Protein chains: 2
Amino acid sequence: MTAGQGSGGERKYQRIANELKAAITAGEYQPGDRLPGENELMTTYQVARMTARQALSVLQSEGIAEARKGAGVFVRTFRPLRRRGIQRLAQSQWGAGHSVWSTDLDEDRELIVDSVSVTEKEAPSHIADVLGLRRGDRVCSRSRRFVLDGKPVLLSTSHLSASLVAGSAITQEDSGAGGVYARLAELGHAPARFREEIRSRMPSATEAQELRLPSGTPVFLVCRTAFTEDGTAVEVNEMVLDAGSYILEYEFGA
Amino acid sequence: MTAGQGSGGERKYQRIANELKAAITAGEYQPGDRLPGENELMTTYQVARMTARQALSVLQSEGIAEARKGAGVFVRTFRPLRRRGIQRLAQSQWGAGHSVWSTDLDEDRELIVDSVSVTEKEAPSHIADVLGLRRGDRVCSRSRRFVLDGKPVLLSTSHLSASLVAGSAITQEDSGAGGVYARLAELGHAPARFREEIRSRMPSATEAQELRLPSGTPVFLVCRTAFTEDGTAVEVNEMVLDAGSYILEYEFGA
DNA sequence: TAGTGGTCTAGACCACGAA
DNA sequence: TCGTGGTCTAGACCACTAA
């Protein structure tokens, strides 16, 4: 046979991929172990380079394996953070000066803010709509990147009306104890209700680079809107999360 | 040049992919439109088949485009459902005989249960742990597939202790008005609290087939646990969602 | 330096969809 | 029937990593 797939048979690359997956499931390859490379698969299965490649790409696109250029293809480890969407925003926490992120920390794992930037610009239209701003009104945008065990896992950009927060610590890189929500409370705009909307898709090339995502890893897009008691939206926080690094959790009553 | 990438330059396939993306963003190709095929890209960019292919595969793996064998590569449409995780489980709804899914329906879009199967088997260990069952105890598992506009979007498997629900309508394919939660309430095990845990990853080949997912579409894994007032877990529902068809939404107070 | 994965070429046969 | 994407071959040069 020179090409094409036999009508009754499993695809060659699929068969190779399945055998590798089975070996991983059986524990023959542990997380972090190196899998057989392209050359080895070519000889053991007697296939062309591109076919061996495609077999390995199946594992990568399912998030099971990760290629490192010049080194090999390795079984990925999966050790996600648990992000509690509701308890973490309870008043008792930010009101008392805790970081909103402290509950994200499993024992001994450090989630660190890698870079912060605060800018003021004209409000993007989809943000202006939610915050009830007029055309041309300006927003204060706080962008942060969070790093876990040396790997970036979360990009967060928080948008607030520039006129609302002018002069407060919110416009500083260090927003102070309790963070932005404590400052909003001091300004008389304490958040009372939150809405989080979650999507998931494959990352753009830019996002994949910023989060150092191996191919086959989707991202969560979490958009949180904070409302005051009277129902006014005061903050919109757009987040991009490495989906392989997070479990999102919500608890609520019936 | 015969092969390899010029050290300073953008990859060929990446450049082609970027131009296609720009054209889509600019509106030259609308959702549902057919993109230039492999043959057309080969001639217009003077590249080999595999290179044109790889350019198109970039768009597919980012979920921007979708290949249909024998027809072409098309710009994908994105029109997700909004799944409200909290309001939809309020007592007022299932208590009154509404389907839990009714709030998922945007006007004029029909979410239909495609297939139902109810089985009884020994509890998988991760389910037994949560439900507090002993080794060898049995569970009643209700599996359903939901279809929107002819496309499957959600696979749901609900696990309950077999001894707890024996003889009730829960063991029937039609669980009756108000669904499983109304029946649990009648049995004296009304759910009072819920926990939903969300992950996202690329689908396995099986999941991709069952949900008819184009490549480049991740899935949500939503695991909901229902607790009674005294904190006993009475139901574990494992769901697999087409991430391109859903926005998950949670609203809660500070 | 040897071996790895990343990109690229120039061919081929196949199953499928639309006309 | 004809064009499409899906699979496959057998070569090639490159950048990167680890020994």
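Here is how names work: the chains are called A, B, and so on, in the same order as the sequence lines, proteins then strands, and each is numbered from 1. Model, not experiment: these values are computed from the prediction.
- Rounded to an integer number of Å, the gap from CD of B:Gln60 to C1' of D:dG6 is 11 Å.
- Side-chain atoms of B:Arg34 lie closest to D:dG5 of the nucleotides D:dG5, D:dC8, C:dG6.
- Closest to the side chain of A:Ala67, out of C:dA10, C:dG5, D:dG6, is C:dG5.
- If you run side-chain hydrogen bond (donor to acceptor under 3.5 Å, both in side chains) between B:Thr217 and each of B:Arg212, B:Arg76, B:Glu66, only B:Arg76 comes through.
- In this entry the distance linking CE of B:Met42 with P of C:dC8 reads 14 Å, nearest Å.
- Residue B:Glu38 contributes atom CD, which lies 15 Å from atom P of C:dC8 at whole-angstrom precision.
- A 4.5 Å side-chain heavy-atom check between B:Glu19 and B:Tyr45 finds at least one atom pair inside the cut-off.
- Contact annotation: the side chain of B:Val139 approaches that of B:Pro124 to within less than 4.5 Å [non-hydrogen atoms, C-beta and beyond].
- Side-chain contact between B:Gln30 and B:Val75: absent, with no pair of heavy atoms (C-beta onward) separated by less than 4.5 Å.
- Residue whose closest nucleotide on DNA chain D sits further toward the 5' end, between A:Arg49 and A:Gln14: A:Gln14.
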When you look at B:Phe220 and A:Ile198, which way does the side chain to side chain contact (heavy atoms under 4.5 Å, CB included) test go after all the steps?
CA-CA 10 Å; B:Phe220 282 120; A:Ile198 306 166; 4.0 Å; yes

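- Sparse packing is recorded around CZ of B:Arg15, with 12 or fewer heavy atoms of other residues, nucleotides or ligands lying under 6.0 Å away.
- The side chain of B:Asn39 has D:dT4 as its nearest neighbour among C:dT4, D:dG5, D:dT4.
- Side-chain atoms of B:Val58 and B:Ile16, non-hydrogen and from C-beta on, never get closer than 4.5 Å to each other.
- You'll find that the side chain of B:Arg11 is closest to C:dT7, out of D:dC8, C:dT9, C:dT7.
- Rounded to an integer number of Å, the gap from CE of B:Met50 to C1' of D:dG11 is 14 Å.
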So which protein N/O to nucleotides 16-19 of chain D N/O distances come out below 3.5 Å?
none

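- Of the candidates C:dG5, C:dC8, D:dA10, the closest approach to any side-chain atom of A:Ala48 belongs to D:dA10.
- Contact annotation: A:Thr51 side-chain N/O to D:dT7 OP1/OP2 distance is not under 4.0 Å.
- Across the helix from C:dT1-D:dA18 to C:dA18-D:dT1, the helix axis at one end is tilted relative to the axis at the other end by 10° (nearest 10 degrees, each axis from five pairs).
- D:dC8 atom P lies 14 Å from atom CG of A:Leu56, rounded to whole Å.
- When the shell of 6.0 Å around CD of A:Gln209 is examined, it contains 12 or fewer heavy atoms from other residues, nucleotides or ligands.
- Screening B:Asp114, B:Ile112, B:Leu154, B:Leu155 for a side-chain contact (heavy atoms from CB on, under 4.5 Å) involving B:Phe146 leaves a single residue, B:Leu154.
- Distance, B:Tyr45 OH to C:dC8 P: 14 Å, rounded to whole Å.
- Nearer to the 5' terminus of DNA chain C, by closest-nucleotide assignment, is the contact made by A:Gly37 (compared with the other of A:Gly37 and B:Gln46).
- Atom CD in A:Gln54 sits roughly 16 Å away from atom P in D:dG5 (whole-Å rounding).
- Of the possible donor and acceptor atoms, none in the side chain of B:Ser245 sits under 3.5 Å from a partner among the backbone N and O of B:Pro80.
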